[in-house]
Student: 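One structure coming up, written as structure tokens, with questions to follow.
All values below come from the heavy atoms of this structure, side chains included, with hydrogens, waters and symmetry mates left out. Not measured: the values here are computed from a predicted model.
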Amino acid sequence: MIKITADIEGMACGMCEAHINEAVRNAFRVKKVTSSHTKKQTVILTEQDIPKQELKSVIAKAGYEAVEVSSEPYEKKGLFSLFGK
């Protein structure tokens, strides 16, 4: 699983978050997408990496600007990992 974080300019409210989430869901196969206008950030969980330029293009078409996009491996943390190793 891959976690992609995009820093977004132009989000002002919950509707902005919803527009970005919908645009990402319609363009790519994702497990989860959440946006926060207060953090100016969108976080995407997906099985397959999304090319940065394609993601920036989809966000631009929705009326926002992705200024920075980064990705990292993501491992789901379950309840029992708290007591771990």
Side-chain angles (χ1 to χ4, degrees):
M1 190 95 88
I2 300 166
K3 176 182 174 182
I4 300 169
T5 305
D7 295 333
I8 311 289
E9 289 295 325
M11 282 194 288
C13 64
M15 284 306 295
C16 296
E17 297 169 2
H19 287 141
I20 290 176
N21 293 348
E22 184 178 355
V24 169
R25 281 190 198 102
N26 288 338
F28 308 105
R29 293 185 66 128
V30 298
K31 291 284 185 184
K32 184 177 180 181
V33 57
T34 55
S35 297
S36 169
H37 70 279
T38 54
K39 292 180 184 177
K40 297 184 178 185
Q41 207 172 62
T42 295
V43 177
I44 302 164
L45 297 180
T46 180
E47 294 286 344
Q48 301 157 347
D49 200 11
I50 297 172
K52 291 180 183 183
Q53 214 44 52
E54 284 184 39
L55 180 59
K56 286 183 174 188
S57 176
V58 165
I59 290 171
K61 287 178 185 169
Y64 307 91
E65 181 186 4
V67 288
E68 182 69 33
V69 178
S70 62
S71 62
E72 62 185 282
Y74 176 78
E75 200 171 302
K76 187 174 182 180
K77 293 178 176 59
L79 175 64
F80 296 104
S81 69
L82 297 173
F83 307 109
K85 308 171 184 171

Student: If I take atom NZ from residue Lys39 and atom OG1 from residue Thr5, how far apart are they, to the nearest 0.5 angstrom?
Tutor: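 That separation rounds to 10.0 Å.
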Student: Is any side-chain heavy atom of Thr34 closer than 4.5 Å to one of Leu45?
Tutor: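 Sidechains of Thr34 and Leu45: no contact.
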Student: Within the side chain of Thr46, is there an N or O that forms a donor-acceptor pair under 3.5 Å with the backbone of Arg29?
Tutor: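 Checked: pair present.
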Student: Applying a strict under-4.5 Å side-chain criterion to I, L, V, M, F, W and Y, I'd like to know whether Val43 and Phe28 cluster together.
Tutor: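 Each belongs to a different hydrophobic cluster.
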Student: First locate atom CD1 of Ile8, then atom OG of Ser36, and finally report the distance between them rounded to the nearest 0.5 Å.
Tutor: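 So the gap between those two atoms works out to 11.0 Å.
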Student: Working to the nearest 0.5 angstrom, can you tell me the gap between Lys40 NZ and Cys16 SG?
Tutor: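 So the gap between those two atoms works out to 11.5 Å.
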Student: Can you tell me how far the CD atom of Glu47 sits from the NZ atom of Lys31, to the nearest 0.5 Å?
Tutor: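 It is 4.5 Å, given to the nearest 0.5 Å.
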Student: Is there side-chain contact between Met1 and Glu75, with at least one heavy-atom pair below 4.5 Å?
Tutor: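 Side chain of Met1 against side chain of Glu75, heavy atoms only: no contact under 4.5 Å found.
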Student: Would you be so kind as to tabulate the donor-acceptor pairs closer than 3.5 Å made by side chains of residues 51-72, with sequence neighbours excluded?
Tutor:
residue, atom, partner, partner atom, Å
Lys52, NZ, Val69, O, 3.2

Student: With rounding to the nearest 0.5 angstrom, report the CD to CG distance, Gln41 to Asp7.
Tutor: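 With rounding to 0.5 Å, CD (Gln41) is 5.5 Å from CG (Asp7).
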Student: Working to the nearest 0.5 Å, report the span between OH of Tyr74 and NZ of Lys32.
Tutor: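 Between atom OH of Tyr74 and atom NZ of Lys32 there are 7.0 Å.
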